[in-house]
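Below you'll find the structure, written out as structure tokens, and then a few comments.
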Amino acid sequence: MFKKIPKHTNLPIVGNLHWYQVDLIFYDAYKRQNSNYIGAFIAIGIVNKYAYGYPIKSKSANEINEVMKEFIQQVHADGKQICAIVTGK
């Protein structure tokens, strides 16, 4: 009745390789051990899962803006493009 699917089926990965999801991770409890960094700015390629991470000392708009600029410069230095940056909410 049902057709059995082979175990090793190769499925194509489709989607835009230039979309990144960004988020902030906070680890305030370890601030003293981490040179006063309170967290990290993380960006992950949605399709290719390539990740970028940058430590942050505050979550002020100025610091996040500087980290975002650094991320964009690094992506371009790696020969990639950015079509969209999305967040969880």
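The residues of the chain are indexed from 1 along the displayed sequence. Any value given below was found using the heavy atoms of this structure, including those in side chains, with hydrogens, waters and symmetry copies removed.
With W19 as reference, I46 is the one residue of V47, N48, I46, I44 to meet the side-chain contact (heavy atoms from CB on, under 4.5 Å) rule.
Note on I56 and Y54: same hydrophobic cluster, where clusters join Ile, Leu, Val, Met, Phe, Trp and Tyr whose side-chain heavy atoms are under 4.5 Å apart, directly or indirectly. Under the 4.5 Å side-chain heavy-atom criterion for ILVMFWY residues, a single connected hydrophobic cluster contains both F26 and F41.
Applying the side-chain hydrogen bond (donor to acceptor under 3.5 Å, both in side chains) rule to pairs touching residues 25-45 yields nothing, sequence neighbours excluded. Annotation: side-chain hydrogen bond (donor to acceptor under 3.5 Å, both in side chains) contacts involving residues 55-82, sequence neighbours excluded, comprise Y52-D78, S58-S60, S58-E63, Q74-D78.
Minimum heavy-atom separation, P55 to V67: O-CG2, 4.5 Å.
Taking the side-chain contact (heavy atoms from CB on, under 4.5 Å) definition, one finds that I82 meets it with Y20, F71, I72, V75, I85, sequence neighbours left out.
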